[in-house]
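Report on one structure; see the data block that follows.
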Amino acid sequence: MFQQQIQETRPLTTAHLAQTMALLHMTIEEIQQSIEKELSSNPALELKEERRCPTCQRLLGEHEPCPVCSRPQNISEDEPVVFISPRDDFSPRTDSYAEEYPDERDLSPTVDDLPTYVLRQIALELPAQDRPLVAYMLAHLDDDGFLTIDLVEIAMYFHVPLSKIQQLKRMIQRADPLGVCSSSPQEAMLVQLELLAETIAVPNFAYEIIQDGMAFLTKRQFNELAHQFNTSLSNIQDAVSYISDNLNPFPGRSHWGDVRDPVKISVEVFHRPDIIIGHINDDPEMPLAVEIIMPIGGTLRVNPLFRKAIKKAPTEQKETWKQDIDRASLFVKCLQQRNHTMKRLMYNLVKIQKDFILQGPKYIQPITRVQLSRVLDVHESTISRAVSNKTVQLPNKHIIPMADFFDRSLNVRTVLREIIAKETKPLSDAKLVKLLSAKGYDVARRTVAKYRAMEGILPAHLRNLPNQTS
DNA sequence: CTATGGCACGGATT
DNA sequence: AATCCGTGCCATAG
């Protein structure tokens, strides 16, 4: 069935091909922008009104019947249901900031520089007389998003009370690169934590660790932390993994990533997934449903009225109208092509990586992009484009980069973490190599060292164990 | 002598 | 063509 569709939707022109590739490369936000731009600039394009599935209320896309409800019953468990899912709500993962920042603002971090981007967000709620102050503060941010001058200095410069500056700073810190305009990584993380705590639970000690244990945290000396707060190592580890998963000590780098940063604790919390994988009706018995999100409420098409109207159009306008129609139809075709490629890609990817999706990173299949490109019969760069910059929400509600599906070392790294977590005395890298190969993971000694570094685990001789509690 | 980190090479990715 | 990642070799620290 897929084979036939390929033939139908093969790119016909180079323009088609180029635009399809561009669309493939885009994240959900960029596609949304692209569609909105096209809609507003091209009268021949229209957004067909949304249709919902009568039984499950799901927004329907190009499929006539609901892909979930009308799924044939005789399909095997292994067959994932892949479909394009148009939606205006993005059902962000519950533990992200996304809920804090609904779509009312046009958040397009890549176009503006950091100060402009931040200023835009808060300009509306900012009294006019305070704008120079904020502008001044934003002008003194460094690449990491930190404030480089003293608050007192600003207050004196503008002859305003210090509390005023503090209040403004607080407001800025709550804008999108969350924690921007802080004076230190510590402060930035505290702000993020505070805001995060409003929506989800924060593990015990997370706050205290940042507040008082930064020195140990940066060195990853967890056992010292456990000692300092008089608690178990696992409590600390929970808190720390929460911190590194959700907080960003360098707010300026989350979007304006600076390559010279070797110790970035990366965070990907500011966006919505491009693809959502979940069980149908959240029932683990059911097969997996893969939703490829389209950021619009209905489907796009060439406006049929416009097509009719062109026949009786005045001659001098006929030409431009025709161009509009051609452009609209090209756009729709490209979008369909893009979606179709994504569908095929995800279908195969989910089938191959089912264990990974359901049971965690240990079970990832070490597949390369090239292998998959052969299966799909597309060029490998197509896969690269489709995968890069995209994120996927798994059934467990975690959002991961799509590139993780191709990460050769993810499984080894998780096993490595497990081994070290369970070790009773510090194991050297060489010992770890043996243990890993016993479990079927053949990696070089040197590589283990690198993985350790990636996971933030100290070398064996610095790794003292919990206070013999376990 | 052992355990690790730095540098460089080759294949994979972009 | 440029960049990233796993690995081997070597220097250094303990």
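Below, read A as the first sequence line, B as the second, and so on, with proteins coming before strands; counting in each chain starts at 1.
Rounded to an integer number of Å, the gap from His25(A) NE2 to dT13(B) P is 17 Å. In this structure, Asp404(A) places its CG atom 14 Å from P of dT13(B), rounding to the nearest Å. If you measure from atom NZ of Lys450(A) to atom P of dC4(C), you get 13 Å, rounded to the nearest angstrom. A straight line from CG of Asp429(A) to C1' of dT2(B) spans 11 Å, rounded to a whole angstrom. One interatomic measurement links the two molecules: NZ of Lys390(A) to C1' of dT13(B), which rounds to 16 Å at whole-angstrom precision. What separates CD of Glu380(A) from C1' of dT3(C) is a distance of 15 Å, to the nearest Å. As a whole-Å value, the separation of Asp442(A) CG from dG6(C) C1' is 13 Å. Put simply, CG on Leu427(A) is 15 Å from C1' on dT2(B), counting in whole angstrom units.
Distances shown here put every side-chain N or O of Thr447(A) at or beyond 4.0 Å from the OP1 or OP2 atom of dG6(C). Distances shown here put every side-chain N or O of Ser381(A) at or beyond 4.0 Å from the OP1 or OP2 atom of dT14(B). Distances shorter than 4.0 Å separate none of the side-chain N or O atoms of Tyr451(A) from OP1 or OP2 on dC5(C). Phosphate contact (OP1/OP2 of dC5(C), side-chain N/O of Arg408(A), threshold under 4.0 Å): absent.
Backbone-only engagement by Thr368(A) is indicated by non-hydrogen atom pairs under 4.0 Å involving sugar-phosphate atoms exclusively. When heavy atoms are screened at a 4.0 angstrom cut-off, Arg445(A) is found touching base atoms of the nucleic acid. At the heavy-atom level, Arg446(A) lies under 4.0 Å from base atoms of the strands shown. Residue Ser388(A) is classed as having no contact, given no heavy-atom separation below 4.0 Å to the nucleic acid.
Taken to the nearest 0.5 Å, the CD atom of Glu46(A) stands 8.5 Å off from the OG1 atom of Thr299(A). We find the OG1-CE distance between Thr14(A) and Met21(A) to be 12.5 Å, quoted to the nearest 0.5 Å.
Remark: the backbone N or O of Arg344(A) is paired with a side-chain donor or acceptor of Asn348(A) at under 3.5 angstrom.
With sequence neighbours excluded, the residues that form a ring pair (Phe, Tyr, Trp, His ring centres under 6.0 Å) with His140(A) are Tyr136(A). With sequence neighbours excluded, the residues satisfying ring pair (Phe, Tyr, Trp, His ring centres under 6.0 Å) with Phe356(A) are Phe405(A).
Comparing Ala449(A) and Val370(A) along DNA chain B, the residue whose closest nucleotide (by nearest heavy atom) sits nearer the 5' end is Ala449(A).
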